[in-house]
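One structure is given below, encoded as structure tokens.
Since the structure is predicted, the reported quantities are computational estimates derived from the model, not experimental observations. Sequence lines set the chain letters: A, B, ... in the order given, protein chains first and strands last, and positions in each chain run from 1.
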2 protein chains.
Amino acid sequence: MGQHCDSRPLLTPDDWATLKRSAILRDLSDTDLAALLDPRGVRSLERGHLLFQQGDPARALFLVLGGQIKLSRINPGGDEAVVHIYGAGESFAEAAMFLGGRYPVAAEAIVPSRVMSIESEALRRKVAERPEIAFAMMASMSRHLKVLVDQIERMKLLSADQRVAEFLLGLGAGKAGAVTVSLPHEKSLIAKQLGMKPATFSRAIARIRELGVEVNGNQARIGDTAALRAFVNRSAED
Amino acid sequence: MGQHCDSRPLLTPDDWATLKRSAILRDLSDTDLAALLDPRGVRSLERGHLLFQQGDPARALFLVLGGQIKLSRINPGGDEAVVHIYGAGESFAEAAMFLGGRYPVAAEAIVPSRVMSIESEALRRKVAERPEIAFAMMASMSRHLKVLVDQIERMKLLSADQRVAEFLLGLGAGKAGAVTVSLPHEKSLIAKQLGMKPATFSRAIARIRELGVEVNGNQARIGDTAALRAFVNRSAED
DNA sequence: GTTGCGGCTTGACGCAAATCAAACGCGAAA
DNA sequence: TTTCGCGTTTGATTTGCGTCAAGCCGCAAC
């Protein structure tokens with residue numbers, strides 16, 4: 001397993017750097033890291049390629065070496081709910097290792113990507129002998145939990161316009177004043193992430209133009225971060 | 001801290017039984033358990049009492065000994081999004097221990113409740129010496145992650161009627177045929193959990209009556225579980 | 001150049017859920 | 001008993017978002 005991958009199943013120095021920066025591995029020594037990682041676990045994925053499907057037996061967690069991996073839930077009718085999109089240095093599917101062995105979501109590369117898988121069993125053994133990995137994993141899962149709680153809050157309390165505004169502010173990474181950011185994916189995918197239709201996303205952008213937001217192609221300019229923040233925090237009844 | 005609680009700050013035999021059944025502690029021996037738990041961590045809470053507020057420094061995780069604890073997110077405008085409600089034997093706020101030390105949600109007793117707190121530091125030390133606790137915690141966090149992913153999927157893909165139907169099915173715990181269940185909270189709180197208004201919840205129940213659902217007070221009868229399941233799985237376009 | 005295609009925008013329309021508000025239990029207290 | 005308060009139901013109305021569909025733009029293939 002993990003052998004039949006595409007082009008370059010090798011760990012480049014860049015990959016090593018990415019791995020050593022990742023939240024769940026950064027506390028490990030080079031020796032530990034080498035013991036844990038199996039270079040055969042590296043996989044290259046073309047755009048649109050599925051890493052695993054919803055319901056597949058969960059045998060590994062993954063680290064993104066490069067590209068973007070989309071986790072989503074697909075219901076029997078074929079509708080898709082995007083749970084999250086992970087980039088280089090992030091890990092996902094830690095949780096699946098514990099959940100009766102099935103992935104509850106599907107993972108798809110939305111751009112050409114490279115990921116490294118770590119077999120559950122190898123990891124479990126390593127955790128048993130080095131508890132600090134456990135802390136790192138729990139921290140990583142905690143972050144995922146918070147991301148999901150945030151998402152639920154947004155879905156329940158914010159309008160489509162506010163969700164778009166908040167998404168743009170998030171791209172600006174908390175900077176103040178006027179910011180220019182580039183959209184990380186196609187607009188239709190962002191729309192799905194935010195739980196709305198492409199048409200609604202488009203209209204939302206048109207409406208928040210009057211709050212100082214300009215979007216051209218995949219470049220977005222926020223004229224006044226504070227004003228936009230205020231709009232997001234504005235509650236329903238005023 | 002933990003000392004100034006109300007009536008009976010003691011661990012009853014019932015409490016012990018609850019703790020030993022709980023997911024994150026069930027793998028521990030009595031000796032380990034005794035070493036980890038501090039009876040002074042037990043707190044009794046009246047209905048409406050806050051265990052902690054959103055933004056409070058996170059110094060402990062909690063186990064519910066009895067009652068119900070609601071985790072929710074409140075935005076600056078005062079609107080509330082209910083994240084989850086925990087009952088006896090469940091644990092929460094594991095994640096907060098790792099997240100820069102602030103609770104991202106508020107915790108409130110919605111009925112008279114008893115909880116046991118476990119100090120982060122004590123737990124961290126215990127985890128370092130007994131990795132199996134780490135596995136139990138990760139399993140627990142995994143379950144929380146799945147709960148949240150499910151919730152996101154429901155919010156994004158299901159109508160109000162379907163969410164209510166699925167909620168009732170969940171109360172029936174997967175039983176088939178005709179089931180009678182009791183609603184675990186006030187209807188207005190269930191509505192909030194499902195991300196809708198009380199009025200909408202009431203109307204949803206009225207509408208799914210024709211699918212064989214009868215609700216009187218806090219008793220709900222599902223006439224045909226399979227039919228209701230089919231309704232929930234029905235996707236938008238048909 | 002032309003054609004075709006995929007993603008984006010825009011408009012017209014319908015519907016599901018929110019809103020506002022009134023009325024209806026129903027249990028607790030007087 | 002009456003009264004109060006709170007949660008629930010119900011009705012009338014508004015609105016936000018989805019749906020359907022047409023048109024637009026940029027781009028690659030021809």
Let's go through A/Phe62 and A/Phe52 carefully: what are the C-alpha distance in whole Å and the side-chain angles of both, what is the deciding distance for ring-ring contact (aromatic ring centres under 6.0 Å, His included) to 0.1 Å, and is it a yes or a no? CA-CA 11 Å; A/Phe62 296 89; A/Phe52 53 78; 5.6 Å; yes
Residue A/Asp161, side-chain atoms from C-beta onward, closest of D/dC17, C/dT9, C/dA17: D/dC17
Whole angstrom is fine here: how far is it from CG in A/Leu194 over to C1' in D/dG18? 16 Å
What parts of residues 212-223 of chain A reach DNA chain D, counting only heavy atoms under 4.0 Å away? none
How many whole angstroms separate atom CD of B/Glu186 from atom C1' of D/dG5? 13 Å
Between the base of C/dG11 and the side chain of A/Arg203, is one N or O donor paired with an acceptor at under 3.5 angstrom? yes
Calculate the interatomic distance between B/Ile205 atom CD1 and C/dA17 atom P; express it in whole Å. 14 Å
Rounding to an integer number of Å, can you tell me how far A/Leu158 CG sits from D/dC17 P? 10 Å
Quickly work out the A/Phe201 CZ to D/dC17 P distance and round it to whole Å. 14 Å
On a heavy-atom basis, the closest approach of A/Gln193 and A/Phe167 is OE1-CE1, 4.1 Å
Quickly work out the A/Met196 CE to D/dG16 P distance and round it to whole Å. 14 Å
Minimal heavy-atom distance between B/Val105 and B/Leu71, with the atoms involved, is CG2-CD1, 4.0 Å
Verify the contact: side-chain N or O of B/Lys187 to OP1 or OP2 of D/dT9, cut-off strictly under 4.0 Å; return yes or no. yes
Stem ranges of DNA chain C by first residue number, counting only runs of at least 3 Watson-Crick or G-U pairs under 3.5 Å, come to C:1-30 with D:1-30
Rounded to the nearest Å, what distance is computed from the NZ atom of residue A/Lys156 to the P atom of nucleotide C/dA18? 12 Å
Whether B/His144 and B/Tyr86 hold their rings parallel, tilted or perpendicular, with breakpoints at 30° and 60°: tilted
What integer distance in Å separates A/Lys197:NZ from C/dT9:C1'? 17 Å
Hey, does the side chain of A/Thr200 come within less than 4.0 Å of D/dG16's phosphate (OP1/OP2), counting only N and O? no
Are any of the side-chain nitrogens in A/Glu80 or A/Lys70 under 4.0 Å away from the carboxylate oxygens of its partner? yes
For B/Leu183 and B/Gly217, the nearest pair of non-hydrogen atoms, with its separation, is CD1-O, 4.0 Å
Minimal heavy-atom distance between A/Gln162 and A/Val232, with the atoms involved, is NE2-O, 3.3 Å
Test A/Val147 against A/Asp150 for side chain to side chain contact (heavy atoms under 4.5 Å, CB included), laying out the working first. CA-CA 5 Å; A/Val147 165; A/Asp150 288 350; 5.6 Å; no
Verdict with reasoning, B/Arg47 to B/Glu186, per salt bridge (charged side-chain N to carboxylate O under 4.0 Å, His left out): CA-CA 13 Å; B/Arg47 177 195 161 104; B/Glu186 297 156 341; 3.0 Å; yes
